[in-house]
Amino acid sequence: MNRGTLLLFAVAVLIGLPLIVVALSLLNPQWDTLQHLWQTVIPEYIGHSVILLFAVGTGVTLLGVSTAWCISQYDFPGWRWLSWALLLPLAMPAYITAYTYTSLLDYAGPVQGVIRDIFSVNIGEYWFPQIRSLNGAIFVLCIVLYPYVYLITRSAFMQQSTTAFESAKTLGASSLRSFWKVALPLARPAIATGVTLALMETLADYGTMEYFGVTVFTTGIFRTWYGIGDAQGALQLSALLLVFVIILIMVERYSRRRARFYQQRSATKPPQRRPLSGWRAALASLVCWLPVVLGFVIPATQLLLWSVQKSEIWQQSEFWMLTFNTLWLGLLAALITVTLALWLAYGRRRHPTRPLRAAISLAGMGYAIPGIVIAVGLLSPLAWLDNQIIAISEWVFDFNPGLLFSGTVIALLFAYSVRFLSVSLQTVNSGLEQITPQMDDTARTLGASGKRILWRVHLPLLRSPLLAALILVLVDVMKELPATLVLRPFDFNTLAVRAFEMASDERLADAGPPALMIVAVGLIPVIMLSRALRSKTLKAGE
Amino acid sequence: MSTLLNIDAVSIQLSGDLIVDRLSLSLEPGDIGCLLGPSGCGKTTLLRAIAGFIPVSGGKIELHGTTVSSSQMQIPTEHREVGMMFQDFSLFPHLTVADNIRFGINRLPKKQQEERVKELLIRIGLNGYQNRYPHELSGGQQQRIALARALAPKPKLMLLDEPFSSLDAELREVLAHDVRRLLKEEGITALLVTHDQQEAFAMADKSGVMYSGQLLQWETPYALYHQPTHQLVADFIGRGVLLNGEIREHQLHCAFGVIEHSQLHNKPDMSVNFLVRPDDVLINNDSSMQAIVVGCGFRGSHYLYTLELADTSHVLAVGPSHQPLKTGEQIGIDIDFDHLVVFDSSLCELPD
């Protein structure tokens, strides 16, 4: 290995550091801590997590697959519009949706108010579901996370050749049977991937669970860390949460093990849309409208109402400072991760050695790891490093430099790089894949130097993936809550933290403007995504 | 005239495996050479070594008398003036047709660039396509643009790696002739790699068959077909079967009876394999030599029959398209060897 590769390898491992710290804590179990946790909280955490995984898994599958099927197969009024509107909930962080529904469905909210007015009943005299509950959390996560399943399954259905489905029908199978026996099994690996993504978000969610008072690992880790100040306990809980994530990844890998057999040849025609009319068209419209309304229209309207109600916030310079602060932090994190991703991706392209590939895979695991786990895994080594630096500095210079890493924005940027490197790595890699090695070779036979190849061939072709990666990371950082809460420097705020704090103080309307800001910026990648999908659909000859 | 490309006992190792084994060949200026061979025989590796993408572990490669690759040194690709065309064309998707073609002549003055682009586009019949993007073109058009791009800097040598394999059969033949015409007009020497012998026959002045890293024969396509010097060449090129026979006193004793041929005059007595092409077997019902039709394939302009001889060995024969013979029918045949190709059957024919 030469020096460049070694450095690359070191950076990749450094990115994997929090993961390693948490995993190592499993090798060094603190039995009394663990025993205490087992006797008190862990069974409840596991119970709630398992219920959440099953319920959200079922919910997002139903919503995602049914909408994907309607949009990919049928021609009914509004399908073009709905095909991208169904992605809108992606712009909504789950905790913000949770705030809006709490406001709507709580005792004091308009829905129960109307019920009381109509039936002339008082609080306690009628039954109404409690939104701030495990069931409420399931509902919120389903309507926010189904787009993962919709997005991936839809392309799977579109790529399926008409011939598979049509040959099933010529063999005498009804449409329904063809769907169950051919289309659905062919799309199964895609569905599994989408559901896994949704479930990872479920396990990583902190904001919704905290607000709804659902005790799960993320809230437990937070409480153990801050409430009890028990670092070991928090690490052990993180490790347990990590076990859940690993099981999830393994299930997904297992379900995809035969995915390559399902790969369709590219030359197949895209499916011919079947026109629907009458009640069938109405049903398809309803199926597709429902998640859009529940997942975006209602919460976004509530946010707008709050923002109008609290219009004075928009004139406060403090709010704009906060917005600027968040954008600046997000942009910095985006620049760092994209630069790292570019460097790692080129390193792998040039020296695809086994250790380097393994290290890069480790570095790319971050997105699967809940933010709170990364924060906890990062804080212990950084705090140790800071204490060493303070000790040395006091001994040599008789000067205490303070917490250089763990108490500053550096820790935050480090955590964001760990969590979101995979996002930019994937985007950059998919861009690099378009640049075949033959293109480099061709350019060289045409007399181009390495520099000219970079400027004339690579950069122009990578421009849009790089921009996409920057925006994706920026938006993810803006939405990120748990890691920011744990690692932010004293008195340092982002929009997400402000919204969280206002909601925790039961000042929901004050959470409106910052939340609206997050959603507004979050819409940019959704629009980009839908445009990319549209041009793909156009290319497929529609 | 001096030799343009000279490959002298070149060996190439890739991650420890010997891919090309002491291979030699040369091309005169303006010639089009073609390397045939099954996939994995090392032909593409050799091409990539000539382009300078991979080093050689032994021997040397000379272009215009200058050594460009040897085990000691390697001139970088961009200084070799070698053009290359890939199987997937590798057009730059973000550049227009004109910018793609201009890519390699960016050092010329703007006006000359324009003229060269126009000249090449006229020559490939795509003038007016300057501002199109590659994805707007058909496969055949992309292929011709890729050729124009490679030709633009007037390379000394043009390398073509399976240039037609991603196109359909009909287009392939038309393009093979177009490409040959273009190369000849520009006076550019070229080396082509393919597994399709029709392509080789259509394009090449010289061609050879590669097999596990060795070049078995380097000849005109005519000689390769009619006078293969190696059983593997006979097997790989064209249709035909190898039959067993015995040479006794300069006569070949075999299933066809006793054959006399000028080729046999200097051959000692031995047991041999000899090549029977479909064009050596003539269907003639007046002939006394009998065969049974056991297989029949319609080829449009003709039928290709599989015939069973008295000793149950099979040969191929061509018959007219209009009066098909039936399977099981007994027919008479004549044997007329223009070229008789015999191999000593006691020799192990696989290269080591």
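All heavy atoms count here, side chains included; hydrogens, waters and symmetry mates do not. All chains are named by letter (A, B, ...) in the order of the sequence lines, taking the proteins before the strands, and each is independently numbered beginning at 1. Because the structure is predicted, anything quoted here is derived from the model rather than measured.
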Check chain A and chain B for donor-acceptor pairs under 3.5 Å and report each one on its own line.
unit_1 : atom_1 : unit_2 : atom_2 : d
A:D441 : OD2    : B:R48  : NH1    : 3.0
A:D441 : OD2    : B:R48  : NH2    : 3.1
A:R444 : NE     : B:E78  : OE1    : 3.4
A:R444 : NH2    : B:T77  : OG1    : 3.3
A:R452 : NH2    : B:F103 : O      : 2.6
A:R456 : O      : B:H94  : NE2    : 2.7

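- Heavy atoms closer than 4.5 Å to chain A are found in both the backbone and the side chain of B:F103.
- Taken to the nearest 0.5 Å, the CD1 atom of A:I435 stands 10.0 Å off from the CZ atom of B:F92.
- Ranked by non-hydrogen atom pairs under 4.5 Å with chain A, the options B:A146, B:P93, B:A51 are led by B:P93.
- Taking both residues in full, the closest heavy atoms of A:L446 and B:A150 are given as CD2-CA, 4.2 Å, listed atom of the first, atom of the second, then distance.
- Of the two parts of B:L95, only the side chain, counted from C-beta on, holds a non-hydrogen atom closer than 4.5 Å to a non-hydrogen atom of chain A.
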